[in-house]
Amino acid sequence: MPTAHDVKDLKLAAAGKAKIEWAARSMPVLELIRERFKKEKPLKGVNIAACLHVTTETAGLMITLKAGGANAALCASNPLSTQDETAAALVKEYGIPVYAIKGENNKTYYQHINQAIDIKPHITMDDGADLVSELHTKRTDAVSNVFAGTEETTTGVVRLKAMANDGALLFPVIAVNDSKTKHFFDNRYGTGQSTLDGVLRATNMLIAGATVVVAGYGWCGRGVAQRAKGLGATVVVTEVDPIKAIEAVMDGFQVMPMAQAAPKGDLFITVTGDINVIRLEHAKKMKDGAIICNSGHFNAEIDIPALRKAASKVKEIRPFIEEMVINRKRIYLLADGRLVNLAAADGHPAMVMDMSFANQALAAEFVVKNHQKFEKTVYAVPEKIDAQIASLKLKSMGAKIDRLTPEQKKYLASWELGTT
Ligand code: ADE
């Protein structure tokens, strides 16, 4: 039977396969897991509905889940992040059902999520919790089948914790984002590099000498600020958390409210996870030619409807660049306010997604073995798995570290020894 799908064009499959194989070269930890999964089949007969960015790195994860015996289907976790050739290759070359087309409208986006749900998942794999949300609101018919879910991103974990606190969560979820081998690296170095990559591919602007305003100094904001500084920008950080703001100051950045930063910035990047961080009142103060974009999960960080409504002119002037004339000044919005790193570039490099998706694969195995013991709440990936991924990654990078001597172990476990 042909593999079920709704993708742009299966003729793109050969190009997609070559790209998937290229990414796989930088995902050695996932490869080790895949080789073990092939032999042990820990996911045999397990249905997995994955709602993730459809990229070459995600392809590596889907192929690994299938190697482990899972029946896995994939839909997009963002309407603009799909790589159409990757989607085609997953269907045609690897026999994995995919429902995703870059640029799909909201209706098709949710239709695709529902097609993934139609496999009757035992495990859900989300990036932003749209799949879990759909299951809890419109597809409750499919909930009783689910053992547990996994969640990839900060925004999704925040949503799921809110659901658990309200007693609304109907199955347990593993917060993959909270693993150290995920957010220390993917959120910081991945978002840092891929966001600047997206801005550069869309605009080809010179970062050196520009003032870059980074809204939010969580792990993603730190990465973006660091990389912008590395390219020669003057970096301004906006924050609401006083501790993160002190960190930003001590990391060498100027910290100020958005209202004060608005007239200074040449480029604004939101990475807060919250809504309406850049509003009309800010846009009105911006310089002629200011560029605004978002690298947080949802396209809600910039109040785009208010900006468009106030604009005397709105026009797409290049792929991923929309010009709005507000108060006779030109403001450029990138990638429709969606994740600029995935919409205008290829997302995080495979080298870093290797650890994120190793967490996903091992979390799925953990869920299959342990779901009977879980409550309907949000769990972390066990520290042992996190540490194992770190060791494998380090080894794959050819780096070695010291081991504690027996004397050092004893010292760390004792409280009597102090000043000598
Ligand atoms: N999130 C950020 N970058 C990604 C990538 N390359 N693949 C999947 N999800 C991502």
Side-chain angles (χ1 to χ4, degrees), residues 16 19-27 29-30 48 50-65 72 74-87 89-90 96 98 100 102 109 116 124-131 150-157 175-179 181-201 218-224 227 269-271 273 293-299 335 338-361 363-364:
K19 288 188 179 177
I20 290 169
E21 286 170 359
W22 170 252
R25 287 174 214 203
S26 300
M27 303 183 84
V29 178
L30 195 62
I48 301 180
C51 179
L52 301 169
H53 299 295
V54 180
T55 65
T56 50
E57 294 72 33
T58 301
L61 172 64
M62 298 308 291
I63 295 163
T64 303
L65 299 175
L74 176 64
C75 62
S77 59
N78 185 297
L80 259 193
S81 62
T82 298
Q83 297 167 359
D84 289 317
E85 65 283 9
T86 301
L90 277 172
I96 294 171
V98 181
K102 188 172 176 102
Y109 175 75
T124 64
M125 225 169 237
D126 246 317
D127 187 331
D130 278 348
L131 180 79
T150 66
E151 172 53 54
E152 171 77 7
T153 200
T154 319
T155 296
V157 172
V176 162
N177 180 71
D178 295 358
S179 288
T181 48
K182 201 278 181 181
H183 66 270
F184 281 6
F185 305 99
D186 166 320
N187 300 26
R188 180 169 33 177
Y189 303 109
T191 309
Q193 178 170 315
S194 63
T195 299
L196 270 304
D197 186 14
V199 170
L200 294 178
R201 289 201 213 184
W219 289 103
C220 296
R222 286 172 212 191
V224 172
R227 291 297 168 255
I269 303 172
T270 55
V271 262
C293 66
N294 167 55
S295 213
H297 185 79
F298 287 120
N299 60 335
R338 300 197 189 273
L339 288 155
V340 71
N341 58 340
L342 281 139
D346 290 331
H348 303 355
M351 179 74 172
V352 85
M353 294 311 294
D354 188 26
M355 287 188 281
S356 310
F357 286 159
N359 272 284
Q360 286 284 7

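None of these values were measured; they are calculated from a predicted model. Below, all heavy atoms of this structure are taken into account, side chains as well, without hydrogens, waters or symmetry copies. All ligand and atom numbering here is 1-based and tracks the order in the structure.
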Between the main-chain N or O of Ser81 and the side-chain N or O of His53, is there a donor-acceptor pair closer than 3.5 Å? no
Asp186-His348 side chain donor-acceptor pair, cut-off 3.5 Å: yes
Thr82 side chain to Asp84 main-chain N or O, any donor-acceptor pair under 3.5 Å? no
Not counting sequence neighbours, which residues clear side-chain contact (heavy atoms from CB on, under 4.5 Å) with Asn294? List them please. Thr270, Glu301, Ile302
Is there a side-chain contact between Asp130 and Phe298 in this structure, where contact means two heavy atoms from C-beta onward sitting under 4.5 Å apart? yes
Chi angles and distances behind the side-chain hydrogen bond (donor to acceptor under 3.5 Å, both in side chains) call for Asn359, Thr181: CA-CA 8 Å; Asn359 272 284; Thr181 48; 2.9 Å; yes
Ligand 1: protein residues within heavy-atom distance under 4.0 Å: His53, Thr55, Glu57, Thr58, Leu342, Asp346, Gly347, His348, Met353, Phe357
